[in-house]
Amino acid sequence: ELGVLQAAAGLSKASSSPVAAPAAGPLPPVRTPARTKSMRRCPSAPSVASTSPSARSSSGSLSPLRQRITFCAPVASKRGGAKFDIQRPSHTQDWDDRFHIDFSKTGDRQAPNDSVQTGLRRYFSKPQSVSELKDHLSQSMSGTSTDLLRTLDRPEPKMRTTPFSADTAASKMPERYALGGTMRDRNGHGRLWNNRWPINIGIMNHELHKSHRQYFDKPSVYDSAKSQSWRRYHDQEIAPGKWVRAD
């Protein structure tokens, strides 16, 4: 036991003794980092100062979630209702709700433009006479004005009259209402355009009995009846007053 105690005491002394320092000598060279170019800070980059406690406390006080909401109660009127200030426009004249309605000299209301003829319609600009129009065009030096002046000096062409009194003016494209067409049919013959191709006895369905009406999958008994041939539902006009079978 005495030998064991002496060995333990020797280990404790060895552990408590200071470690010998290495031999003195030249120190190794210290490597300094390479010098880099200075970079410009982005304007949107966060600032270091904003991370300080004082900056955080000041920015927190300006948060919209911590601001006190101001509420202005409406002013009560004499009857107890809410009273609001009505903003009046700067002009003193009230808005005319009937500015788009035209009246005659006697005070009668005139018909709208879409119900009267072309020559009786009213527009924002006042129509000019022929002499006033020539004076206006002569002041302009453009080529279009010169062409219009030459057109005004020419005699007016005779317009084709129509026997229908409901027409406000003659058509600007009369060829649209004339018989024509160069398309060929299945036999290779030239065929004019049939303006009555969608018309059949079906336009009278509201006047016929249910069993006599025209449908897509069931023709009417009057479709090919001789008593209805005068309606010319299956005929085509190839010349004024000349009809042929369209089938």
Atom CG of Leu149 and atom CG of Leu137: how far apart are they, to the nearest 0.5 Å? 5.0 Å

Are Ile238 and Trp193 joined in one hydrophobic group, where the rule is that I, L, V, M, F, W and Y side chains link up if heavy atoms are under 4.5 Å apart? no

Can you tell me how far the NZ atom of Lys105 sits from the CD atom of Gln110, to the nearest 0.5 Å? 10.5 Å

Considering only heavy atoms from C-beta outward, does the side chain of Trp230 approach that of Gln228 to under 4.5 Å? yes

In the structure I gave you, are the side-chain heavy atoms of Ser220 and Arg213 within less than 4.5 Å of one another anywhere? no

Could you go step by step and tell me if Ile199 and Tyr233 meet the side chain to side chain contact (heavy atoms under 4.5 Å, CB included) rule? CA-CA 6 Å; Ile199 302 177; Tyr233 288 145; 3.6 Å; yes

Out of curiosity, Ser131 OG to Leu152 CG, how far, rounded to the nearest 0.5 Å? 11.0 Å

Test item: Thr151 side-chain N/O and Asp147 main-chain N/O as donor-acceptor pair under 3.5 Å: yes

Counting distance only, does the side-chain N/O of Arg196 pair as donor-acceptor with the main-chain N or O of Arg232 below 3.5 Å? yes

Between His212 and Asn205, does the side chain to side chain donor-acceptor pair (under 3.5 Å) criterion hold? Intermediate values first, please. CA-CA 8 Å; His212 298 162; Asn205 278 351; over 6 Å; no

Atom CZ of Arg245 with >12 non-hydrogen neighbours under 6.0 angstrom: yes

Check whether any side-chain heavy atom of His189 sits under 4.5 Å from a side-chain heavy atom of Arg184, and report yes or no. no

Side-chain donor-acceptor contact under 3.5 Å, His234 with Asn200: no

Kindly determine whether Asp153 and Lys134 satisfy salt bridge (charged side-chain N to carboxylate O under 4.0 Å, His left out), including the steps that lead there. CA-CA 10 Å; Asp153 295 335; Lys134 288 183 178 180; 3.4 Å; yes

If you measure from CG on Leu179 to CD on Gln236, what distance do you get to the nearest 0.5 Å? 8.5 Å

I need the Leu208 CG to Ile203 CD1 distance, nearest 0.5 Å. 10.0 Å

What distance separates Met204 CE from Tyr222 OH, expressed to the nearest 0.5 Å? 9.5 Å

Look at the side chain of Glu132 and the backbone N and O of His136, then say whether any donor-acceptor pair between them is shorter than 3.5 Å. no

